[in-house]
Structures are given as C-alpha cells and as structure tokens.
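Take a look at the structure below.
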Amino acid sequence: MRLYFIHGGKRVWLSSMLETGGWPVILVPIAIAYYHRRKNQAPTERPTKLFFMKLPLFVASAVIGVLTGLDDYLYAYGVQRLPVSTSALIIAAQLAFTALFAFILVKQKFTSYSINAVVLLTVGAAVLGLNTSSDRPKGESNAQYMLGFVMTVAAAALYGFVLPLVELMYKKAKQNITYALVLEIQMVMSLFATIFCTVGMLVNNDFKVIPREARKFELGETTYYVVLVVSAIVWQAFFLGAIGLIFCASSLLSGIVIAVLLPVTEIFAVIFYHEKFQAEKGVSLALSLWGFVSYFYGEIKHNKQSKQEEAVKEKENNKEGCTPDVENLQTVPNP
C-alpha cells in the first residue's frame with residue numbers, strides 16, 4: 001500500500017477498498033470445496049449446498065464487515081501519512097487491544113508470559129511517540145503527521161476489537177463452524193467492507209480520478225493497475241488467514257501472528273523504501289521481538305506442562321483400573 005502512495009497515489013478511499021476488494025477470489029476455494037463435496041457424495045444423501053451460512057450469521061458477518069471497512073479507511077489514512085516502519089510499529093499496539101477485548105468478550109485466559117508479551121508490545125509502540133516528527137515525510141505538516149499517527153492508533157484499536165468479535169460470533173453461532181463456513185464468513189465480511197469503502201469512493205469522486213492518476217503514476221500506468229490488483233489479492237489472503245487462525249485457535253493468537261509480521265515489515269521498509277531507522281524504532285523493535293519470544297515460550301511451556309499432567313492422569317487411571325475392587329469381592333464358602 002505504501003508503494004502506491006510514495007509513487008503518486010493519493011486516493012485514501014481507493015486504498016481502503018483494496019484491502020477487502022479482492023473478496024471474489026474466495027469464490028474459487030468455495031467452488032472447489034463444493035465440487036469436492038458433490039463428487040464424494042453418496043447417491044442416497046441429500047444434495048449438498050454451495051453455501052451453508054444462515055441468516056443470523058450472515059447479519060453478524062455483515063456488521064463486522066462494515067466495522068472492517070471503517071478500520072480499512074483509518075489504516076489507509078495512517079499509511080498515507082506515516083512511513084511504513086512507523087505505522088507498522090504502531091499497529092503492534094493492536095495486540096494490547098486484542099488482548100483487552102478478548103478478555104471482555106470471550107473470557108480469554110492469560111498466563112504470565114502472555115501478559116508480559118502484551119505489555120512489552122504496548123510499551124514498544126508507545127516509544128514511537130517520543131520522537132514522532134523526526135521521520136516525517138517531506139512537505140507534511142505536524143498536524144497532518146499527528147493526525148496520521150492518531151488514525152493509525154484508532155485502526156489498531158478497532159481491529160483489536162474486530163478479532164475477538166469474530167471469535168465471539170463463532171461461539172454464539174447456532175450452526176457448526178467449519179472451514180468452508182469460515183470462507184463464506186470472510187467473503188461476506190469483505191463484501192460489506194468493500195461496499196462501505198466504495199460509497200466513500202463515490203462521494204470522493206475516486207472513480208473519475210483513477211484513469212488520470214494511473215497515467216501520472218511514477219512507475220507507469222500498467223504498473224499502477226498491477227499494484228492495485230496484487231494489493232487486493234495479498235490483503236485478502238491476510239484477512240482470510242487472520243480469521244482462519246481464530247477458527248483454529250483464538251483471536252489472541254491471531255493478533256500475535258499479525259504482530260510477528262512487524263520485523264519483516266521493518267526490514268523491507270528500510271531496504272526498499274530507504275526509510276530512516278532511528279533509535280526509537282530500534283528500541284521499539286527490540287521490545288516487540290522480546291514480547292513475541294515471551295509469548296511463544298510461554299505457549300511451549302504450557303503445552304509441555306499440559307502433556308505431562310495428562311500423562312500422569314492417564315497413569316493414575318490405569319492403576320485404578322488394575323486394582324481389584326475388594327468391597328465387591330464375595331467370599332465363596334468352603335464345601
């Protein structure tokens with residue numbers, strides 16, 4: 001997305017729409033899954049459905065989709081005003097919001113390691129506020145830069161709310177959540193997020209400006225459209241992975257994995273965009289990495305401990321099964 005902005009792109013609503021505008025791509029795995037079900041279906045079974053989603057789940061997905069569309073706009077505005085490395089580090093604060101809302105909405109249980117990770121990542125993002133003007137892009141005022149900073153923090157908070165909300169929707173759904181249904185949920189969420197952003201594009205006259213902006217794009221008109229298409233596909237893979245992780249594990253783990261992308265983003269921003277890497281960003285990155293290590297170490301230790309406890313219980317159960325029930329033994333009288 002930053003590539004679009006630094007080479008002449010200026011349409012925030014267009015960038016927002018691209019974050020979820022690739023939703024038709026999901027129709028491909030849905031169609032493949034449908035074909036696979038039909039092929040393996042027994043003749044006596046009822047005809048399989050293309051879509052499994054019921055109305056309550058559809059409505060919930062649509063509402064979350066609108067919230068996602070708003071989050072797309074907040075994030076796109078922040079990316080336009082901030083360097084990639086700065087915006088990425090602020091987004092790391094999303095994990096703190098995810099943890100908070102996961103605790104409130106789905107009663108997420110925390111360990112000392114997960115709490116430590118959340119605190120470190122939050123502090124790491126806050127460190128960026130100590131010197132926010134030194135990496136400000138040329139020609140950008142303090143007010144514009146700070147507004148971008150605030151909008152990015154708001155995007156982190158809102159998406160930190162959306163992830164546990166998706167988990168809550170899974171738990172409250174009155175139908176069995178399968179991977180095929182997760183694909184449908186993502187498609188509906190992305191569809192309504194795209195509609196929200198498309199309305200913004202219409203109000204802002206973005207559709208009229210796109211051809212002119214493409215001709216003036218620094219990397220060429222063809223590259224302009226390639227950037228838009230590739231961005232839409234990559235973003236769709238990101239969102240599908242995020243809600244897929246919630247389906248497989250939890251919203252907290254999804255937030256952790258999203259935050260893991262931070263070091264990669266930092267490295268690519270410095271290499272390809274030649275952005276500055278000040279001391280504040282170094283400290284923030286170190287705290288973030290420390291938080292990642294803390295969380296995953298805690299998870300590994302917790303899983304190991306759980307396996308040991310299960311093994312002990314299994315041994316105790318085996319011993320109890322082998323012990324004769326003395327009380328039920330009947331004495332047989334001698335003849």
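Counting from 1, the numbers follow the sequence of the chain as shown.
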Acceptor/donor pairs from residues 217-235 side chains to any protein atom, 3.5 angstrom cut, sequence neighbours excluded:
{"residue": "Glu218", "atom": "OE1", "partner": "His7", "partner atom": "ND1", "Å": "3.2"}
{"residue": "Thr223", "atom": "OG1", "partner": "Leu219", "partner atom": "O", "Å": "3.0"}
{"residue": "Tyr224", "atom": "OH", "partner": "Glu213", "partner atom": "OE1", "Å": "2.6"}
{"residue": "Ser231", "atom": "OG", "partner": "Val227", "partner atom": "O", "Å": "2.6"}

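Under the 4.5 Å side-chain heavy-atom criterion for Ile, Leu, Val, Met, Phe, Trp and Tyr, Leu27 and Phe238 are members of the same hydrophobic cluster. The same ILVMFWY cluster, assembled from side-chain heavy atoms under 4.5 Å apart, contains both Val66 and Val166. Leu253 and Ile115 end up in the same hydrophobic cluster when Ile, Leu, Val, Met, Phe, Trp and Tyr side chains are linked at under 4.5 Å. Under the 4.5 Å side-chain heavy-atom criterion for grouping Ile, Leu, Val, Met, Phe, Trp and Tyr, Val188 is connected to Phe51 within one hydrophobic cluster. Both Leu163 and Tyr179 are part of a single hydrophobic cluster, where members link through side-chain heavy atoms under 4.5 Å apart.
Taking the side chain as every heavy atom from C-beta outward, Phe247 and Leu181 never approach each other to under 4.5 Å. Using a 4.5 Å cut-off on side-chain heavy atoms (C-beta onward), His36 and Asn40 make contact. In this structure, the side chains of Leu147 and Arg81 stay at 4.5 Å or more apart for every pair of heavy atoms. Using a 4.5 Å heavy-atom cutoff, the side chains of Phe101 and Phe97 are in contact. For the pair Phe161 and Leu100, the minimum side-chain heavy-atom distance is 4.5 Å or more.
Of all the heavy atoms in Leu165 and Leu105, the pair that sits closest is N-CD1, 4.0 Å. Taking both residues in full, the closest heavy atoms of Gly255 and Leu95 are given as C-CD1, 3.8 Å, listed atom of the first, atom of the second, then distance. Across every non-hydrogen atom of Gly78 and Thr152, the tightest pair is CA-OG1, 3.1 Å. When all heavy atoms of Pro24 and Gly21 are compared, the pair lying nearest together is CD-O, 3.5 Å. Of all heavy-atom pairs spanning Phe5 and Val12, the tightest one is CZ-CA, 4.5 Å. When all heavy atoms are compared, the tightest approach of Gly291 to Ala117 is O-CB, 3.1 Å.
Ser16 contributes atom OG, which lies 8.5 Å from atom CZ of Phe196 (distance to the nearest 0.5 angstrom). For the atom pair CD1 (Ile64) and CE (Met189), the distance works out to 5.5 Å, reported to the nearest 0.5 Å. One finds the OG atom of Ser294 at 9.0 Å from the CD1 atom of Ile256 (value rounded to the nearest 0.5 Å). Atom CG of residue Asn204 and atom CH2 of residue Trp13 lie 8.5 Å apart, to the nearest 0.5 angstrom. In this structure, CG on Leu82 lies 9.5 Å from CE on Met146, to the nearest 0.5 angstrom. To the nearest 0.5 angstrom, Phe192 atom CZ is 13.5 Å from Cys197 atom SG.
Between the side chains of Ser15 and Gln80, no donor N or O sits under 3.5 Å from an acceptor N or O. A side-chain donor from one of Thr20 and Thr194 sits under 3.5 Å from a side-chain acceptor of the other.
Residue pairs meeting the salt bridge (charged side-chain N to carboxylate O under 4.0 Å, His left out) criterion with at least one member in residues 151-179, sequence neighbours excluded: Glu167-Lys171. Every pair passing salt bridge (charged side-chain N to carboxylate O under 4.0 Å, His left out) that includes a residue from residues 4-31 is listed here, sequence neighbours excluded: Arg11-Asp206.
A search for side-chain hydrogen bond (donor to acceptor under 3.5 Å, both in side chains) contacts involving Arg37 returns Thr48, not counting sequence neighbours. Among residues two or more places apart in sequence or in another chain, the ring-ring contact (aromatic ring centres under 6.0 Å, His included) test is passed with Phe207 by none. Scored by the side chain to side chain contact (heavy atoms under 4.5 Å, CB included) test, Phe103 finds Phe110 as partners (sequence neighbours excluded). Considering only residues two or more places apart in sequence or on other chains, Leu191 meets the side chain to side chain contact (heavy atoms under 4.5 Å, CB included) condition with Trp23, Ile195. Partners of Lys54 according to the side chain to side chain contact (heavy atoms under 4.5 Å, CB included) rule, which considers only residues two or more places apart in sequence or in another chain, are Pro56, Gln175. In this view, Tyr34 satisfies the ring-ring contact (aromatic ring centres under 6.0 Å, His included) rule with no residue, not counting sequence neighbours. For Ala155, the side chain to side chain contact (heavy atoms under 4.5 Å, CB included) partners are Asp71, Leu74, Tyr75, not counting sequence neighbours.
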*Audit row: Phe58, Ile185, side-chain contact (heavy atoms from CB on, under 4.5 Å) steps and yes/no*: CA-CA 7 Å; Phe58 176 85; Ile185 291 171; over 6 Å; no

*Run the numbers on Met17 and Asp72 for side-chain contact (heavy atoms from CB on, under 4.5 Å), then give the verdict.*
CA-CA 7 Å; Met17 188 275 293; Asp72 292 344; over 6 Å; no

*Stepwise side-chain contact (heavy atoms from CB on, under 4.5 Å) check, Val182 with Thr178*: CA-CA 6 Å; Val182 169; Thr178 62; over 6 Å; no

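No donor-acceptor pair under 3.5 Å is formed between the side chain of Ser250 and the backbone N or O of Ile246. Between the Ser114 side chain and the Thr111 main chain, a donor and an acceptor come within less than 3.5 Å of each other. Of the possible donor and acceptor atoms, one in the side chain of Glu184 sits under 3.5 Å from a partner among the backbone N and O of Phe52.
Hydrophobic cluster membership for Val28: Ile32 (Ile, Leu, Val, Met, Phe, Trp, Tyr linked by side-chain heavy atoms under 4.5 Å, directly or transitively). The hydrophobic side chain of Val150 is isolated, with no ILVMFWY side chain under 4.5 Å apart from it.
Aromatic pair Tyr113/Tyr297: centroids less than 6.0 angstrom apart.
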